[in-house]
Amino acid sequence: MKNKKIDRLIWFKGNIIPVENAQINVLSPTSQFGANVFEGLRAYWNTSKGQLYVFRLPEHVGRLQNSIKMLEFEATFTNTFLQQSVIDIIQANNFQEDLVCRQTVFLDGFGSWSATSPVEMFIAPMAKGRYYEDTEGLDVCISSWERINEKSLSPKIKMGANYMNSRMGQLEATRNGYDSAIFLNQEGTVSEGPGSCVFLVKSGVLITPPLTASILDSITRSTIIDIARNDLGLEVLIRDVKKDELYVADEVFMSGTAVEIVPVFSVDKIQVGMGVKGKITAKVESLYFKIVRGDVEKYKNWLTPVYIR
Ligand code: PMP
């Protein structure tokens with residue numbers, strides 16, 4: 001990868017430049033200690049409308065501001081600026097396809113882990129279809145690693161350092177032949193995946209752990225809860241989930257901006273339901289993809305069009 005030229009533009013410290021020219025100080029707090037907060041966004045291309053839609057941009061920016069606040073970064077970015085900068089860099093790349101976008105606010109300069117400035121930002125969009133391209137559903141394990149919790153490192157802060165917990169869980173899972181992992185929290189109840197939330201279906205009811213289960217305040221999760229209740233007429237329970245409920249669930253799926261909605265076929269090698277994508281998972285997934293692509297009028301307010309038409 002070292003010498004590979006990437007023909008892509010990045011938003012970096014207020015300028016739009018080729019990605020290979022975006023460089024930081026190796027002694028910066030972001031480089032040394034993971035002192036950064038970020039968002040992972042997605043935008044979807046609608047061919048018939050000739051438009052690219054960023055999904056729930058204000059919500060992502062709102063969560064980024066909360067992360068900045070909780071880590072006490074001296075950032076003065078306005079919501080409008082944070083949103084417009086995302087639009088600007090996607091436009092600059094002239095993307096006409098689905099993409100993921102990383103928006104990262106970081107501590108630059110030469111400082112310690114307790115520095116609060118200088119605060120800088122980069123925004124890097126990248127063309128991306130499905131996250132799991134070759135897999136219809138996941139075989140996951142219950143991680144032997146516990147999810148970080150509010151007593152030590154808040155899972156509500158979407159910061160780089162938190163992903164070292166995700167890393168441990170993912171590497172262990174992969175090493176043991178699984179696609180991904182589900183963490184339990186300090187109470188021993190189901191928390192989330194390394195980069196996604198967890199839903200299960202039992203007797204037609206959709207169930208997901210609460211925000212107090214050491215999970216990220218996921219935008220996909222709240223989208224699914226809303227559409228399941230309001231459009232699919234499903235009962236949704238937000239409550240603590242024990243791991244053995246996953247083994248005997250009718251359906252399990254993981255959800256997140258990057259992974260979107262992906263069925264879980266087995267947990268700890270125990271087959272979930274029929275070991276195929278379940279009916280309710282399919283319904284949620286189908287509506288989700290219509291919404292994000294701009295084909296559901298009612299939810300157009302969740303979309304920010306990138307191009308001026
Ligand atoms: N949990 C974790 C740990 C994540 O990294 C993500 C991905 N951002 C999620 C849940 C899902 O959050 P969202 O739906 O906002 O992408």
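Order of appearance sets the numbers: ligands from 1, and atoms from 1 within every ligand.
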- Item | Lys NZ or Arg CZ of K277 over F253 ring: under 6.0 Å, within 45° | no

Test item, S166 contacting ligand 1 (heavy atom, 4.0 angstrom): no

of all protein heavy atoms, closest to atom 6 (C) of ligand 1 is G195 O, 3.3 Å

min-distance protein heavy atom vs atom 1 (N) of ligand 1 -> E192 OE1, 2.7 Å

**Study point:** Evaluation steps, side chain to side chain donor-acceptor pair (under 3.5 Å), between N79 and Q83
**Key:** CA-CA 6 Å; N79 288 351; Q83 289 183 40; over 6 Å; no

Q: Test S28 against T30 for side chain to side chain donor-acceptor pair (under 3.5 Å), laying out the working first.
A: CA-CA 5 Å; S28 60; T30 185; 5.5 Å; no

- prompt: Without hydrogens or angle criteria, can the side chains of Y53 and N46 be said to hold a donor-acceptor pair below 3.5 Å?
  reply: no

The test is ring pair (Phe, Tyr, Trp, His ring centres under 6.0 Å); show your working for F55 and Y288 and say whether it passes.
CA-CA 11 Å; F55 188 57; Y288 182 80; 5.7 Å; yes

Kindly assign one of parallel, tilted or perpendicular to the pair F106 and F12, based on the angle between their ring planes and the thresholds 30° and 60°. parallel

So the atoms of ligand 1 within less than 4.0 Å of a heavy atom of S196 turn out to be 1 (N), 2 (C), 4 (C), 6 (C), 9 (C), 10 (C)

When distances are taken from atom 5 (O) of ligand 1, the protein heavy atom at minimum range is Y163 OH, 2.4 Å

the protein heavy atom lying closest to atom 3 (C) of ligand 1 turns out to be R147 NH2, 3.3 Å

* Non-hydrogen atom of P194 closer than 4.0 Å to ligand 1 -> yes

Proximity flag R63 to ligand 1, non-hydrogen atoms under 4.0 Å: yes

Would you say S255 has any N or O atom under 3.5 Å from an N or O of ligand 1, going by distance alone? no

Any donor-acceptor pair under 3.5 Å linking the side-chain atoms of R147 with those of N165? yes

Notebook entry, point to check: Should C197 be counted as touching ligand 1, given the test is an N or O pair under 3.5 Å?
Noted result: no

One should read off an interatomic distance between Q96 CD and D98 CG, to the nearest 0.5 angstrom, of 12.0 Å

Among non-hydrogen protein atoms, atom 8 (N) of ligand 1 lies closest to K158 NZ, 2.8 Å

The protein heavy atom nearest to atom 16 (O) of ligand 1 is T257 OG1, 2.6 Å

